[in-house]
Asks: 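There's a structure below that I have some questions on.
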Amino acid sequence: MSNKSFVYLPINEPFMLPNGDLDPVKYGSDGIHLQAEGYRAWAQALKPIITKLLDNK
């Protein structure tokens, strides 16, 4: 069965430091849950993609 209703978005770069470590400003102490700055980075990474998808409707 072919499912084409998903899109893979490699948006990890805004969450990483140049050396490849997680940016502690964007993550909580558990390294999983985002802090406010992480949610801002997530929104900024998704904004152009969502805008493009909505414009194509």
Side-chain angles (χ1 to χ4, degrees):
M1 181 171 141
S2 177
N3 183 350
K4 295 183 181 188
S5 63
F6 63 89
V7 177
Y8 172 74
L9 303 172
I11 59 167
N12 59 313
E13 191 173 316
F15 303 99
M16 311 296 284
L17 295 172
N19 68 359
D21 290 343
L22 293 177
D23 186 343
V25 172
K26 295 179 180 139
Y27 286 92
S29 60
D30 62 4
I32 297 172
H33 295 94
L34 295 174
Q35 297 289 351
E37 191 59 36
Y39 283 109
R40 278 192 270 292
W42 188 17
Q44 289 298 327
L46 291 177
K47 185 177 180 179
I49 297 160
I50 292 171
T51 300
K52 182 178 177 182
L53 289 171
L54 291 173
D55 287 345
N56 288 333
K57 292 284 178 177

Asks: Roughly how far, to the nearest 0.5 Å, is CG of Leu9 from CD1 of Ile49?
Replies: 4.5 Å

Asks: With rounding to the nearest 0.5 Å, note down the distance linking CG in Asp23 to CG in Leu34.
Replies: 10.5 Å

Asks: Would a single hydrophobic cluster contain both Ile50 and Tyr39, if residues Ile, Leu, Val, Met, Phe, Trp and Tyr are joined by side-chain heavy-atom contacts under 4.5 Å?
Replies: yes

Asks: Sub-3.5 Å donor-acceptor pair from the side chain of Lys26 to the main-chain atoms of Pro14, do we have one?
Replies: yes

Asks: Could you report the tightest heavy-atom contact between Met16 and Leu22, atom names first, then the distance?
Replies: SD-CD2, 3.8 Å

Asks: Of all heavy-atom pairs between Ile11 and Trp42, which one has the smallest distance, and what is that distance?
Replies: CD1-CD1, 3.7 Å

Asks: What pair of heavy atoms forms the shortest contact from Gly38 to Phe15, and how long is it?
Replies: O-CE2, 3.4 Å

Asks: Is the closest side-chain heavy-atom distance between Leu17 and Pro24 below 4.5 Å?
Replies: yes

